[in-house]
There are 4 protein chains.
Amino acid sequence: MTSPAPGRPLRADAQRNRAKVLAAAEEVFADLGTSASTEEVARRAGVGIGTVFRHFPTKESLLEAVLVTLVERLAGEAEELRAADDAGAAFFGFFSRVVAQAAAKQAVTEALAEAGVDARGVTGRAGPGLKDAIGALLVRAQRAGAVRSDVEAGEVMALLAGMSYAAGHAGVGSDVLRIAFDGLRPR
Amino acid sequence: MTSPAPGRPLRADAQRNRAKVLAAAEEVFADLGTSASTEEVARRAGVGIGTVFRHFPTKESLLEAVLVTLVERLAGEAEELRAADDAGAAFFGFFSRVVAQAAAKQAVTEALAEAGVDARGVTGRAGPGLKDAIGALLVRAQRAGAVRSDVEAGEVMALLAGMSYAAGHAGVGSDVLRIAFDGLRPR
Amino acid sequence: MTSPAPGRPLRADAQRNRAKVLAAAEEVFADLGTSASTEEVARRAGVGIGTVFRHFPTKESLLEAVLVTLVERLAGEAEELRAADDAGAAFFGFFSRVVAQAAAKQAVTEALAEAGVDARGVTGRAGPGLKDAIGALLVRAQRAGAVRSDVEAGEVMALLAGMSYAAGHAGVGSDVLRIAFDGLRPR
Amino acid sequence: MTSPAPGRPLRADAQRNRAKVLAAAEEVFADLGTSASTEEVARRAGVGIGTVFRHFPTKESLLEAVLVTLVERLAGEAEELRAADDAGAAFFGFFSRVVAQAAAKQAVTEALAEAGVDARGVTGRAGPGLKDAIGALLVRAQRAGAVRSDVEAGEVMALLAGMSYAAGHAGVGSDVLRIAFDGLRPR
DNA sequence: CATGAATGAGGCTTCATTCAT
DNA sequence: TATGAATGAAGCCTCATTCAT
């Protein structure tokens, strides 16, 4: 999804290293911000710097891969809630969980922001995927009368990004989320 | 925390240079992000790099000064609205204007986030100043029945930071703000 | 001087791979200069990087092998002209052809220069081989009265290297060669 | 001639350092080839690596400056001979001296080759300057009957580059030069 | 034997900071 | 004080070489 000659399935050990690097990068960028050094990623992954660059030929491509991974994971979580009994609980629960994750990892916030700005962004095709999944959750919650009907997926994503940022930077708890949720409910 | 031997009141021309540097820094960091070089600040201020470091001995201290300036400016704006006739309009209008500013300058968002994390933060004593000013606006709006009574100044600041982030990064308009405002109104 | 356990005659497919690598290397170094990467050689040879290093344990040894090949090829061409009818035409024709080759492949120039610096050089025993072959051509041309008699093989090789360099780098045509040829003719 | 804001005359010490770096670069590239590292240049100049990059913001620009310097120096030497009594001696003497310099410094050869390929090259406007100076020497020598009349400045430069290469790489003495000179004399 | 993943030294370049002018 | 040249640590990236598969 990022670079090696498309087609070749990648040896087992290489696959493992790629995963290690990606995981380390997610951690490092979460802890130290996206300006953290590639060397730090290599160190924390327990591989040589060359290995990082073999899998992700550019720092930017590594960052991109991390964001894509994050966005896909969130989309997956949203997907699973599609069949939940209580559509309102599913929607608000998803929202809360995302914000909670973001409180620990600022990369999540960036991923959300990127994903919201549509396909042009770094997150490529993963962005729309997340938007669709969220849109599905939203529509069901609206049909169930748990969310006001004049809101769209794009607005929800922006709200999500904003609340995630607030959670991660402004040191806030669920109080603020409560306000946003009330704003989303039918009047 | 900003540098020259405390006490000496700073010659007039030095004072002027300090201001030029600060203004240039605000502009540069807004345009290019906080990773812009100090050299660029000097260039845009029309002074030598040495002058920048004489007034702000560290890049971090320069950044800090910019944030403090921003916070103080916002606090000033809030202050002026204290006597407005329509307390609700004052509150929501202030909120909107801040978010609009942030859409153009990400530094505003950072300033807000910093200011919210209380006095220990980088913004020192300016943070509480803003919080107080916003608190005053909030209380008056609550008394006027325009804002629900179970919200506190800290929550408003967090919401403000989040919405500012969303406005600057997620490419959103006033739709999202409307949701937040509805959440703030009495039910 | 080229690597595998001396003695073992090299399996047929290995032999083939060695040849493929050598050919690719000649091409790559001609196109991209000697600072081209070994990886590129492997790619163009259609083999793995490991294979390149199995046959030529060092980039330098690969370069050396390319030069030796080139020198041997030139020596072969000179050899074939030994029996030509017109000794003068044979000599000058050979000279012209070498320079024309060099215009396209700077490696040829390097090979010539190396070969001229005698046996100690990188081209090992191949250098003297070329020198001898050129010497034979020279002597016959001198006997035929086409080349002045006070010139030696070493000087011819140096002249050849110089003209080859000029052809490849200074963007020159046959005009310069004409000057050199006039200098070689009897007065 | 290479980078700092055109106009500002450069402080005295900076001027001195720039010269030191340029001299060191000339030496290093002569000794180790143009692929020598910038760090080595800094080391030999006795300055920090940052100083090298302050004066020449790119390795390429440093190389260019070295070549330009060389070409200008040669042009200067040619210029001085314009008024010599013996036009033939001036021409051949200049030629010999250039080749002798090149024997020690391969950068000279590169400079010559670059300069010959006209203004498009790295040597910019310095190339034509050298060509003109050599042309003047040539014409006077031709008028004096020391050089054949059907040769042009471009051909002389190519010959010069070729002989310089030969002198530096093929380990040759004045024997080869003699051949070239005979080729240049009227028949 | 062939493959290509892993390694890490080393190269180029940027930039915060110091200091001579 | 102001200036801007000097410094060198640190970042990104390349590539020859090694080694597990």
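Keep in mind that this is a model prediction, so the values were computed, not measured. Values below: every heavy atom of this structure, side chains too, minus hydrogens, waters and symmetry copies. First the proteins, then the strands, lettered A, B, ... as listed; each starts at 1.
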What is the distance, to the nearest angstrom, from the [atom1] atom on [X] to the [atom2] atom on [N]?
X: Glu40(B); N: dT14(E); atom1: CD; atom2: P; value: 14 Å
X: Phe53(A); N: dA16(F); atom1: CZ; atom2: C1'; value: 18 Å
X: Leu32(A); N: dG11(F); atom1: CG; atom2: P; value: 11 Å
X: Arg54(A); N: dT3(E); atom1: CZ; atom2: C1'; value: 11 Å
X: Ile49(A); N: dT17(F); atom1: CD1; atom2: P; value: 21 Å
X: Arg43(A); N: dT7(E); atom1: CZ; atom2: P; value: 14 Å
X: Asp13(A); N: dT18(F); atom1: CG; atom2: C1'; value: 15 Å
X: Lys59(A); N: dC12(F); atom1: NZ; atom2: P; value: 5 Å

Map Thr58(D) and Ala36(B) onto DNA chain E by nearest heavy atom, then report which one ends up closer to the 5' terminus.
Thr58(D)
Could you check Arg16(D) against Gly50(A) and say which one's nearest nucleotide on DNA chain E is further toward the 5' end?
Gly50(A)
Complement of dG4(E), any strand, by Watson-Crick or G-U distances under 3.5 angstrom:
dC19(F)
Under a 3.5 Å cut-off for both distances, is dT14(F) Watson-Crick or wobble paired, and to whom?
dA9(E)
Of Ser35(C) and Gly48(B), the one whose closest DNA chain F nucleotide lies more 5'
Gly48(B)
Comparing Glu39(D) and Val52(D) on DNA chain F - which has the more 5′ nearest nucleotide:
Val52(D)
Could you state the interatomic distance from [atom1] ([X]) to [atom2] ([Y]), rounded to the nearest 0.5 Å?
X: Glu26(C); Y: Arg44(C); atom1: CD; atom2: CZ; value: 11.5 Å
X: Lys59(A); Y: Ser35(A); atom1: NZ; atom2: OG; value: 6.0 Å
X: Thr38(A); Y: Arg43(A); atom1: OG1; atom2: CZ; value: 11.0 Å
X: Leu62(A); Y: Glu60(A); atom1: CG; atom2: CD; value: 10.5 Å

Just to confirm, is there a sub-4.0 Å distance from OP1 or OP2 of [N] to any side-chain nitrogen or oxygen of [X]?
X: His55(C); N: dC1(E); value: no
X: Asn17(C); N: dA2(E); value: yes
X: Thr51(B); N: dT3(F); value: yes
X: Thr38(B); N: dC15(E); value: no

Could you please name the option among dC15(E), dA5(F), dT3(E) that lies closest to any side-chain atom of Ser37(B)?
dC15(E)
Thr58(D) side chain to Ser61(D) backbone, donor-acceptor under 3.5 Å:
no
